[in-house]
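Read the structure below first, then the notes.
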Amino acid sequence: MGISEILDGKLTEKEVEIKGWVVTRRSSGGVQFLIVRDGSGMIQATVHKEDVAPQKFEDVDRLTQESSIIVKGIVKEDKRAPGGYEVRVKDLKIVHLAMPEYPLSKKSHGIDFLASLRHLWIRSPRQIAILKVRAEIIKACRDFLDENGFTSTDSPILTPSAVEGVATLFETPYFGDKAFLTQSGQLYVEATIAAFGKVYCFGPTFRAEKSKTPRHLTEFWMVEPEMAFYTFEDNLKLQEEMVTFTVKRVLEKRRRELEFLKRDLVPLRKVEPPFYRISYTEAVDKLQKAGYNIEWGEDLGAPHEKFISLQFEKPVFVHRYPAKAKAFYMQPDPENSQVVLCADLMAPEGYGEIIGGSERICDLKLLEKRIEEFGLPREAYEWYLDLRKYGAVPHSGFGLGIERTVMWICKLKHIRETIPFPRTITRIYP
RNA sequence: GCCGCCGUAGCUCAGUUCGGUAGAGCGGCUGGCUGUUAACCAGUCGGUCGUAGGUUCAAGUCCUACCGGCGGCGCCA
């Protein structure tokens, strides 16, 4: 029994017990109005002087913001109450009287202050709504993959070597040796496909990049599916299906949260396969015609991604980037060896990349050559090369950034709200 | 790493142009109000003006350095 069920109208005129926290208290002499939160929702509880013992009424008068309480009463439908329902209180027990001067008031706060009080900020309705959507997105991704023949095989977080470059790795001591926090589970899921066919890993990844932007965290979560025998084309189709499934699931299960966030649902309802596709070369052409200063061969920057993303009302794949701008393990396009069979999925409405994916090199000789060309230490990749020695198959995969997906689906301005405790270049507390 | 902006009460800010006794709203506290909606009304508590130097009769205000944060870029998911 929770507040969400009361708000669904299932418990009208019934007696209920709510265990929760006081969000605000207002009084009008003989009537006290409490807004109570229980994790499932918020509702107004009214305490009339004549309904409770005098001592109880005085207790209510002492209630501070964020005090924890247990309330018993009758559910009433009432237009005067926010949300249309309220609980007329018959009994109330104070579990803990919160200290006065709860730091977060109902008025606005600056971002620095809120970030330093993240452990309390997550209680606020907006943050609750966002994190509920986050949880739904994660569950949707897992459900989609689990229901489509994937086995979850999580990758290690402590790793001996870099996937792509050492400069952006967090280093940690490891029994007299060095270890690094993973930047991607991809190489390891490329190993487990030979055991399970279709796999995915889900976990935190770490980038020691000094990125100071509204779309970067130093610690973020990725879902990384990897599929044996999947071509580049199969990979894109899977991404379309997974993203569509996820958006539909959130629209279905977290409608209330999206509406609370004042998220326009129209663009989300348009998310259906097939997504748009544009090659990197076409994208550069478009950008140049729009006056952007970009040459073929350069990777797309934030303003470029935003521009492309705004051209389409559905997600768009930008595919076949120059080989030099991308990772060593990507399969060259058989029709043009200057580009690789990769695609980034750009979310619409100006949100950029949420997925990066590619077909992987499966030929041993070619992979050896690429490792050398990228100046990577071959000894660190011996195990990875083994995968091309014993039953190599064409295979593809992608990584979906959870926080960026949350940011897009909730239409947020900054990624710091998409994870309970964000880690950024300037903040590791709380 | 680069460019720009900002640090004044617990919070959000005004005061800086042109140096002259530290301000408001919210929150807290005290009291009032029998339907409040960021409730309202009256009273009250609350300050090393980011830090350190400097200029000056006098610095929140002018100068220098440092620290912290925010916004944008680069890199990336």
Side-chain angles (χ1 to χ4, degrees), chain A residues 23-35 42-51 57 61-62 64-66 76 78-84 86 88 98-117 120-121 124-125 163-165 167-168 182-186 204-224 293 298-306 321 325-327 344-347 351-357 398-408 413-416 418-419 424-427:
Chain A
V23 178
T24 60
R25 179 171 63 87
R26 293 183 281 265
S27 73
S28 184
V31 191
Q32 305 248 15
F33 302 91
L34 305 174
I35 303 294
M42 290 197 298
I43 195 166
Q44 177 164 280
T46 57
V47 188
H48 291 246
K49 204 165 195 168
E50 68 267 22
D51 286 358
F57 195 77
D61 208 35
R62 285 162 48 224
T64 44
Q65 195 181 345
E66 290 301 318
K76 299 281 181 189
D78 195 320
K79 285 188 187 123
R80 294 171 298 186
E86 66 181 21
R88 180 132 175 177
M99 295 175 75
E101 294 200 58
Y102 180 67
L104 300 179
S105 73
K106 282 163 276 181
K107 295 246 177 171
S108 62
H109 293 292
I111 189 60
D112 181 36
F113 179 73
L114 288 171
S116 66
L117 291 172
L120 302 177
W121 185 26
S124 67
V163 173
E164 318 161 36
T168 59
T182 181
Q183 288 193 315
S184 163
Q186 181 201 311
T205 53
F206 307 86
R207 306 267 167 107
E209 293 157 2
K210 293 194 172 173
S211 303
K212 208 173 126 22
T213 85
R215 33 192 280 114
H216 284 85
L217 295 166
T218 56
E219 178 181 304
F220 65 97
W221 290 66
M222 275 208 290
V223 182
E224 294 178 272
N293 184 20
E298 293 173 34
D299 208 352
L300 301 183
H304 307 136
E305 281 188 14
K306 187 170 183 179
Y321 282 70
K326 288 289 172 178
D344 288 347
L345 183 65
M346 310 282 167
Y351 289 88
E353 183 179 2
I354 57 169
I355 287 179
F398 64 94
L400 176 143
I402 292 294
E403 288 77 15
R404 286 195 178 170
T405 305
V406 175
M407 198 177 160
W408 162 50
K413 290 202 176 83
H414 202 292
I415 201 165
R416 67 187 147 224
T418 63
I419 184 167
T424 65
I425 180 173
T426 56
R427 208 173 283 279

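All values below come from the heavy atoms of this structure, side chains included, with hydrogens, waters and symmetry mates left out. Chain letters run A, B, ... following the sequence lines, proteins first and then strands; every chain starts at 1.
In this structure, G352(A) reaches neither bases nor backbone, as no heavy-atom distance under 4.0 Å exists between it and the strands shown. Among the atoms of the strands shown, base atoms are found under 4.0 Å from some heavy atom of E86(A). Using a 4.0 Å heavy-atom cutoff across all strands shown, D299(A) reaches sugar-phosphate atoms only and no base atom. Among the heavy atoms of the strands, none lies under 4.0 Å from G401(A). L217(A) comes within 4.0 angstrom of a base, heavy atoms only.
The P atoms of G68(B) and U30(B) are separated by 40 Å, rounded to the nearest whole Å.
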Dump every N/O contact between nucleotides 24-30 of chain B and the protein below 3.5 Å, one line per pair.
| from | atom 1 | to | atom 2 | distance (Å) |
| --- | --- | --- | --- | --- |
| G27(B) | N2 | E101(A) | OE1 | 3.4 |

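Shown here are the ring pair (Phe, Tyr, Trp, His ring centres under 6.0 Å) partners of F398(A), two or more places apart in sequence or in another chain: there are none. Judged as a ring pair (Phe, Tyr, Trp, His ring centres under 6.0 Å), and not counting sequence neighbours, H48(A) has no contacts. Residues that satisfy the ring pair (Phe, Tyr, Trp, His ring centres under 6.0 Å) test with W121(A), not counting sequence neighbours, are absent from this structure. When the side chain to side chain contact (heavy atoms under 4.5 Å, CB included) test is applied to R427(A), the partners found at least two apart in sequence or on another chain are D112(A), A115(A), S116(A), T424(A).
C70(B) is paired with G4(B) under the criterion used here, namely a Watson-Crick or G-U wobble arrangement in which both key atom distances are under 3.5 Å. Base pairing of G47(B): no nucleotide in any strand meets the Watson-Crick or G-U wobble criterion (both distances under 3.5 Å). Across all strands shown, A52(B) pairs with U64(B); the Watson-Crick or G-U wobble distances both stay below 3.5 Å. Pair assignment for U17(B): none, as no Watson-Crick or G-U wobble contacts are both less than 3.5 Å.
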Between protein and nucleotides 65-74 of chain B, map the contacts as a letter string: B base, S sugar-phosphate only, - none, heavy atoms under 4.0 Å, written 5' to 3'.
----SBBSBB

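The side chain of M222(A) sits closest to A77(B) out of A77(B), C11(B), C33(B).
The ring of F220(A) lies on top of the base of A77(B), close enough and flat enough: under 5.5 Å between centres, under 30° between planes.
A77(B) atom C1' lies 11 Å from atom CD of Q183(A), rounded to whole Å. The separation between E305(A) atom CD and C76(B) atom P is 10 Å, rounded to whole Å.
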